[in-house]
Amino acid sequence: MSATTRAAVLTGLGSTVPDQVVTNAMLASRMDTSDEWIRSRTGIRERRVVEPGTATGDLATEAGRRALKSAGVDAVDALVLATTTPDHTCPATGPAVADRLGLGTIPAYDVAAVCSGFLYALATAAGLIALGTADRVLVVAAEAFTTIIDPADRTTAPIFGDGAGAVVLEAGDAAQRGALLGFDLGSDGALADLIIVPAGGSRRRTSADPAEYFMKMRGRTVFTNAVLRMASSSRAALARTGWKPGDVDRLVGHQANVRILRAVAEELGLPAERAFVDVDKYGNTAAASIPLALDDAASSGLLTAGDRVLLTAFGGGASWGAVTLEWPDLS
Ligand code: COA
């Protein structure tokens, strides 16, 4: 028997956000809200918003390029793209991103799990590696999420923003730093209406009400479910890893709301400082938020090699997930 266990190991990381900054004050000048309300309820100060003409595929290509550079590679065996806002309803955006990155005719596809999308994409990429179908996979999570947000809706416009993050996973050993250790994933379709774009899909192809082409959210119910599911999924992933909650050096949760992140840390018995927060700068970038946060945390020195890291997310579907890893040396 082999002494090593094949695992998917994180070897590269990159991210990008659009240049356009929209502050809370800018939103307050065009709708009935205030900087104080948004900051105290969500922790968000500003967000990045794509200009018309910039699509998810543009952000995904740039984040992917940066992750490949960070890993020091120019070829991969597969690309998995997590997004809620593909460039087109058909086809998937992943193949176009692979083409633009010069990755050839590799398998490339999209994963749709809204704010949990990055964790779902990581799991499918790790599965390709476990099967031996791929030795190296580029996992990208990208959103032009504001394209499905009603700019006049004060219950969603302050919350969401645009961005992209990407990681390279390579076949390695479970004992290596960067190996993805314990996964947990789940969903509850009975909660599908918590976060929903009512029209434009096959269920309701057209609507006379333009607002139905934008996302609706039952914010308060999302909040309570997010805390419960992120905490329980985290516990399941930790148990599979053989870690106790207190072993976690850095909780990098989906950046939806600073109050959700603090509540998840509290549920796990972790000091609030162990929860990384950058929702203040970017808002909720859906699938992109975790890899964007990882890049932000790593570049600001808040993630260092050997840190025991817990990632967790909750989002539309409803869907949720968590995964653990020891942070690798990416320098
Ligand atoms: N500015 C000012 N007031 C606002 C507002 C805004 N942008 N949005 C809502 N309000 C008002 C509501 O109308 C309501 O007024 P009322 O009491 O007179 O009825 C009041 O503020 C409270 O609204 P509520 O929705 O109960 O607030 P909340 O404390 O739950 O905060 C969210 C709202 C959206 C910030 C919060 O529920 C949340 O963060 N939910 C999770 C959202 C999320 O992260 N989604 C993606 C997860 S993947």
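Just so it is clear, the model here is predicted, and its values are computed rather than measured. Ligands are counted one by one from 1 in listed order, and the atoms in each one are counted from 1 as well.
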Visitor: Sort out for me which residue in Arg205, Arg204, Arg203 forms a salt bridge (Lys or Arg N to Asp or Glu O under 4.0 Å) with Glu212.
Guide: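 Exactly one pass, corresponding to Arg204.
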Visitor: Any heavy atom of Asp32 sitting closer than 4.0 Å to ligand 1?
Guide: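 So Asp32 counts as touching ligand 1.
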Visitor: Can you tell me if Thr56 and Asp87 form a side-chain donor-acceptor pair at under 3.5 Å?
Guide: no
Visitor: May I ask you to list the atoms of ligand 1 that are less than 4.0 angstrom from any heavy atom of His254?
Guide: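 Going through ligand 1 atom by atom, the ones under 4.0 Å from His254 are 48 (S).
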Visitor: With respect to Arg220, determine whether any N or O atom, backbone or side chain, lies less than 3.5 Å from an N or O atom of ligand 1.
Guide: yes
Visitor: Check each heavy atom of Thr42 against ligand 1 and say whether those closer than 4.0 Å belong to the side chain, the backbone, both or neither.
Guide: side chain
Visitor: Please list, in number order, the atoms of ligand 1 under 4.0 Å from a heavy atom of Pro158.
Guide: 7 (N)
Visitor: Where is the nearest protein heavy atom to atom 47 (C) of ligand 1: which residue, which atom, and how far?
Guide: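 Atom 47 (C) of ligand 1 sits closest to the protein heavy atom Val222 CG1, 3.5 Å.
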Visitor: With respect to atom 48 (S) of ligand 1, which of Phe314, Phe160, Trp37 exhibits the smallest heavy-atom separation?
Guide: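 Nearest option to atom 48 (S) of ligand 1, by heavy atoms: Phe314.
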Visitor: Just need the protein heavy atom nearest to atom 13 (O) of ligand 1, so name the residue and atom and give the distance.
Guide: Arg154 NH2, 3.0 Å
Visitor: Under the criterion salt bridge (charged side-chain N to carboxylate O under 4.0 Å, His left out), I'd like the reasoning laid out for Glu62 against Arg66: C-alpha separation, chi angles, the key distance, then a yes or no.
Guide: CA-CA 6 Å; Glu62 187 53 32; Arg66 292 178 187 189; 2.8 Å; yes
Visitor: List every atom of ligand 1 that sits less than 4.0 Å from any heavy atom of Gly315, numbering the atoms from 1 in the order shown and giving each element.
Guide: 48 (S)
